[in-house]
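Atoms within each ligand, like the ligands themselves, are counted from 1 in listed order. Scope of the values below: all heavy atoms of this structure, side chains included, with no hydrogens, waters or symmetry mates. All values derive from a computational prediction rather than experimental measurement.
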Amino acid sequence: MTLVVKIGGAAGNAVAPVLADLAGRSGAVLVHGGSEEVDRLGEALGVPSKYYTSPSGATSRYTDPARREVVLLALTGRVNPRIVAELHRLGARPVGLSGLDGPLLMGPRKEGARSVVDGKILRVKDDWSGTVARVDDRLLRLLLDHGYTPVVSPPAITPEGEVINVDSDRAAAAVAGALGAEALLLLTNVPGLLRDVADPSSRVARIPKAEIEGYLPVAGGRMRKKLVAAQEALAKGVGRVVIASSAVDRPIARALDGEGTVIE
Ligand code: ADP
């Protein structure tokens, strides 16, 4: 079974149980972000993170060239090697890759992003972010077929060779789609999509594919990206997407058992 697991990088995520559950599995690709580490490093380097909200309500990281450098440093210099070292300690054979290797993740820079500031819609200038349009699935299969565990993170690259930041949930969806994965697990700091974000018991247990749109208004901030990622993965033939908690014992097994929000 080909499985793609994405772990969140925001505060409240628990990486250790995910890695412990992943280490013994074959056929799994791990995708990660690292927003908390990017924020921390940016603060330390005097380039604090900035976010903007699009007219549709989605929150995105603003990535000018200085902040892009921070993303690159934090993900490929800190978060990825830490995960790789830990998986190695757990007996797996991890291979750390960013979207630039291969290149594994390629796509266009985002054109014409808009942000809402004080009720006004403004154009976002000098932003180096984009989307993944092509995944080098051959590179991943080469590793999977030989028992390695690919550990993948943004950034991605444009066909012109420019480094772009990409959303890691949507990158995971593109990876799962390219591999025709049976399941994509989006493990995060909440137990799933919540009807009321302040109430962990308000989890939506199941969303049929055709009803995803109807749930977009419920999902605020970055949760919306996960629903968009789920939509993209299912459209590419992924069997099911589960949004579930990373901070539990055996989070992968639990998510595969349907403990979370199952979208199919
Ligand atoms: P990660 O780094 O794990 O990908 P994010 O911070 O990107 O996590 O996304 C998860 C966050 O989305 C939650 O911590 C929560 O604050 C926010 N969120 C907004 N609306 C919802 C909702 N309806 N249900 C669950 N989480 C929500």
Enumerate the pairs of nitrogen or oxygen atoms, one from ligand 1 and one from the protein, separated by less than 3.5 angstrom; state names and distance to 0.1 Å.
residue  : atom   : partner : partner atom : Å
ligand 1 : 2 (O)  : Gly9    : N            : 3.0
ligand 1 : 2 (O)  : Ala10   : N            : 2.9
ligand 1 : 3 (O)  : Asn13   : ND2          : 2.9
ligand 1 : 3 (O)  : Thr188  : OG1          : 2.6
ligand 1 : 4 (O)  : Lys6    : NZ           : 3.0
ligand 1 : 4 (O)  : Lys226  : NZ           : 2.5
ligand 1 : 7 (O)  : Arg222  : NE           : 2.5
ligand 1 : 7 (O)  : Arg222  : NH2          : 2.9
ligand 1 : 8 (O)  : Thr188  : OG1          : 3.2
ligand 1 : 14 (O) : Asn189  : OD1          : 2.7
ligand 1 : 14 (O) : Asn189  : ND2          : 3.3
ligand 1 : 20 (N) : Gly220  : N            : 3.0
ligand 1 : 23 (N) : Leu194  : O            : 2.8
ligand 1 : 23 (N) : Val218  : O            : 3.1
ligand 1 : 24 (N) : Leu194  : N            : 2.9

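Pairs of residues two or more places apart, or lying in two chains, that qualify as side-chain hydrogen bond (donor to acceptor under 3.5 Å, both in side chains) and include a residue from residues 102-123 are Tyr52-Lys110. Counting only residues at least two apart or on different chains, the salt bridge (charged side-chain N to carboxylate O under 4.0 Å, His left out) pairs with a member in residues 11-27 are Asp21-Arg25.
Residues satisfying the salt bridge (Lys or Arg N to Asp or Glu O under 4.0 Å) test with Arg93, not counting sequence neighbours, are none.
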Margin query: Does Arg240 form a side chain to side chain contact (heavy atoms under 4.5 Å, CB included) with Val262? I'd like the steps, not just the answer.
Written below: CA-CA 7 Å; Arg240 68 184 190 284; Val262 180; 4.2 Å; yes
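For Arg254 and Asp257, the salt-bridge test fails: no basic side-chain N is under 4.0 Å from an acidic carboxylate O. For Arg222 and Asp167, the salt-bridge test passes: some basic side-chain N is under 4.0 Å from an acidic carboxylate O.
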